[in-house]
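Structure record follows, encoded as structure tokens.
Note that ligands are numbered from 1 as they come in the structure, with each ligand's atoms numbered from 1 the same way.
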Amino acid sequence: REGLTEPRAAGSSAAMAERAARRCCLGWDFSTQQVKVVAVDAELSVFYEDSVQFDRDLVEFGTQGGVHVHKDGLTVTSPVLMWVQALDIILEKMKASGFDFSQVLALSGAGQQHGSVYWKTGASQVLTSLSPDLLLHEQLQACFSISNCPVWMDSSTAAQCRQLEAAVGGAQALSRLTGSRAYERFTGNQIAKIYQQNPEAYSHTERISLVSSFAASLFLGSYSPVDYSDGSGMNLLQIQDKVWSQACLGACAPRLEEKLGRPVPSCSVVGPISSYFVQRYGFPPECKVVAFTGDNPASLAGMRLEEGDIAVSLGTSDTLFLWLQEPTPALEGHIFCNPVDPQHYMALLCFKNGSLMREKIRDESASGSWSEFSKALQSTEMGNGGNLGFYFDVMEITPEIIGRHRFSAENREVLAFPREVEIRALIEGQFMAKKIHAEALGYRVMPKTKILATGGASHNRDILQVLADVFGAPVYIIDTANSACVGSTYRAFHGLAAGTDMPFAEIVKLAPDPRLVATPTPGASQVRDHPNVFVALAL
Ligand SMILES: Nc1ncnc2c1ncn2[C@@H]1O[C@H](COP(=O)(O)OP(=O)(O)O)[C@@H](O)[C@H]1O
Ligand SMILES: O=C(CO)[C@@H](O)[C@H](O)COP(=O)(O)O
């Protein structure tokens, strides 16, 4: 995987001295394939970036793409202790590189959305009395009632989804209440499955966290509340009233409210950092922890999305999200509480066949090389000579479909394409599907629309060119593809201003403007308006 493997800041003594003087905020991201961190100074410049990749750096857990897919092909989990150990590794790396933790004013973070962590009765006691002489994973071994946590790729809860929708008067009613119809990966349905299949483990659970609030709890040394924005991905939170829905809680599992704790606004300071981090790493005792949120909401903050813009995140999952003034819940897509403005909302579409699907086609048709993959995109024409393809090796979320579907220029389904055609078909098909589903939510590209791209695949300019051509809009990136980490530092700075009513936009006004990286090629509308797009519309 082509993530960052070395700390970005140079190890020279000059760089270390410069770093030593920099007051900063840290932003964390506990995402599907790795834990990442960035440090941002008071001028909002990123001066440190690092990551730990689960498959490569924690091989003993045997994950692929950060997860275990179970025999049924539907259940997908990640070991909770792998996440804890990744945090230990990255903190030790920072310490070894001379990172000056005493300058950290505040920190916040993000987590892959929907995944859940089950803290065993008594874990709270362990969290509050951690010894600075030991690593976190050495002390938290016995703290979880479920060691393999369900994550967003799980699609094993169809039965629980139907039960939840039935309990509240149907899919539309659930969507009006919580922002989404029942989705298999949404946490309420995952909790219901655990309660039904493993009632003993459920009864021994004193607290249930999202991945985001779990990570915040490690820094806090006590249970962090769930924030409104990530809490919107659970099918449990009433997104307008910002309280748990009693009907949904009751339909999922008993005594759930006490295990979840009260949700809080996303910009809340949830407490000072735990003494463990002060004593072991030298954080100042007054360093603030700002509520962690979902990785997509954190990216919205990191990209400083404005109304009318569209964000496309090309991480393990592909997601597309927008800023919304008013919630417009529908049967497709999700409405979340906005992570930076408590009055507003965001819309999100999630596509499961993102980077891992692109990697498969890269391995099959480009000898495993992104540069070969790019050459194929450069050597083929926009519109792909009328050939179109849709590739869903795992059950897609938007829409629910599986399999590879290729159509020739004559609109006949075919079984294979030449290698270069296959690669362009994949990328054009992925972006056409995103555009069509965004339009179904009411989104229209306007003359001043900017597309803000992020995530691992946003390193690839040839992929971004296809994005510009398919959407007919310019594509911008921010300085790092880690927008969830950067957004977390911005949210931490916002937290420092808590109580002053300072709007988020004011906090981030010094941040560097996004950079233009691709504009639509003249004539690109033929890609968008090809008649085979109707095939895509039917998906
Ligand atoms: N040059 C590249 N071209 C296309 N995809 C890339 C490139 N470099 C990295 N990626 C993709 O980025 C993915 C990781 O994205 P990232 O946003 O870091 O993931 P996550 O945050 O979900 O862990 C990898 O799975 C890889 O397929
Ligand atoms: O399920 C969703 C959003 O609803 C995913 O987007 C997860 O939040 C995982 O994010 P990445 O690790 O792919 O960034």
Side-chain angles (χ1 to χ4, degrees), residues 1-5 28-36 49 51-56 63-67 76 78 83 86 110-115 150-155 179-180 183-187 190 210-212 229-230 232-235 293-300 302 311-321 333-336 346-363 366 368-377 396-398 423 426-427 430 453-464 466-467 480-485 487:
R1 301 246 145 66
E2 300 176 29
L4 279 163
T5 52
W28 297 88
D29 183 13
F30 285 66
S31 66
T32 314
Q33 302 192 51
Q34 61 223 294
V35 171
K36 312 175 221 181
E49 262 184 283
S51 66
V52 167
Q53 293 190 25
F54 305 133
D55 295 5
R56 191 197 57 205
T63 56
Q64 281 192 325
V67 303
V76 184
S78 293
W83 294 330
Q112 54 168 303
Q113 299 200 256
H114 321 294
V151 297
W152 69 274
M153 293 167 114
D154 185 285
S155 48
S180 304
Y183 279 87
E184 290 167 330
R185 69 191 192 289
F186 274 44
T187 326
Q190 294 292 340
L210 292 177
V211 177
S212 57
S229 195
D230 208 17
S232 311
M234 303 174 79
N235 277 146
T293 191
D295 56 358
N296 294 295
S299 282
L300 179 141
V312 176
S313 169
L314 304 169
T316 309
S317 60
D318 283 355
T319 60
L320 190 145
F321 46 89
H334 317 297
I335 306 295
F336 296 158
M346 66 180 276
L348 180 129
L349 289 169
C350 181
F351 302 85
K352 204 190 276 185
N353 292 272
S355 278
L356 301 180
M357 189 66 239
R358 287 187 288 274
E359 281 179 25
K360 264 199 180 170
I361 298 291
R362 176 201 63 185
D363 295 346
S369 148
W370 286 124
S371 72
E372 288 294 310
F373 191 94
S374 284
K375 278 190 201 136
L377 288 175
E396 186 45 81
I397 295 167
T398 320
I423 288 169
L426 166 73
I427 301 300
Q430 286 189 327
T454 186
S458 70
H459 289 296
N460 190 317
R461 294 297 163 93
D462 299 287
I463 290 180
L464 298 185
V466 180
L467 175 60
T480 161
N482 291 337
S483 55
C485 287

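For the side-chain hydrogen bond (donor to acceptor under 3.5 Å, both in side chains) test, no residue two or more places apart in sequence or in another chain qualifies with S317. In terms of the side-chain hydrogen bond (donor to acceptor under 3.5 Å, both in side chains) criterion, residue partners of N353 (sequence neighbours excluded) are, by chain and number, E396. Here W28 pairs with nothing under the side-chain hydrogen bond (donor to acceptor under 3.5 Å, both in side chains) rule; sequence neighbours left out.
Distances shorter than 4.0 angstrom occur between a heavy atom of K36 and an atom of ligand 1.
With ligand atoms numbered from 1 in the order given, ligand 1 contributes 11 (C), 12 (O), 13 (C), 25 (O), 27 (O) to contacts under 4.0 Å with heavy atoms of S355. The atoms of ligand 1 that sit less than 4.0 Å from any heavy atom of G455 are 17 (O). Taking every non-hydrogen atom of S31 and a distance limit under 4.0 Å, the qualifying atoms of ligand 1 come out as 20 (P), 21 (O), 23 (O). Each of the following atoms of ligand 1 lies closer than 4.0 Å to a heavy atom of A457: 4 (C), 5 (N), 6 (C), 10 (N), 11 (C), 12 (O).
If you take CD1 on I361 and CG on L426, they are separated by 5.5 Å, rounding to the nearest 0.5 Å. The structure places CD1 of I423 at 8.5 Å from CD of E372, a figure rounded to the nearest 0.5 Å. Rounding to the nearest 0.5 Å gives a distance of 14.5 Å between OG1 of T316 and CE of M357.
Residue E359 touches ligand 1 through its side chain alone, judged by heavy-atom distances below 4.0 Å. Counting heavy atoms under 4.0 Å from ligand 1, residue R358 does not touch it at all.
Protein residues with a heavy atom under 4.0 Å from ligand 2 are S31, T32, Q112, Q113, H114, W152, R185, D295, N296, T316, S317, T319, L348, C350.
Residues R185 and I397 meet the side-chain proximity criterion, which asks for heavy atoms closer than 4.5 Å.
With atom 15 (O) of ligand 1 as the reference point, the heavy atom nearest to it among G456, S313, A484, G66 is part of G456.
Remark: the D295 side chain and the S31 side chain contain no N/O donor-acceptor pair separated by less than 3.5 Å.
With hydrogens and angles ignored, the 3.5 Å screen pairs a side-chain donor or acceptor of Y183 with a backbone N or O of G333.
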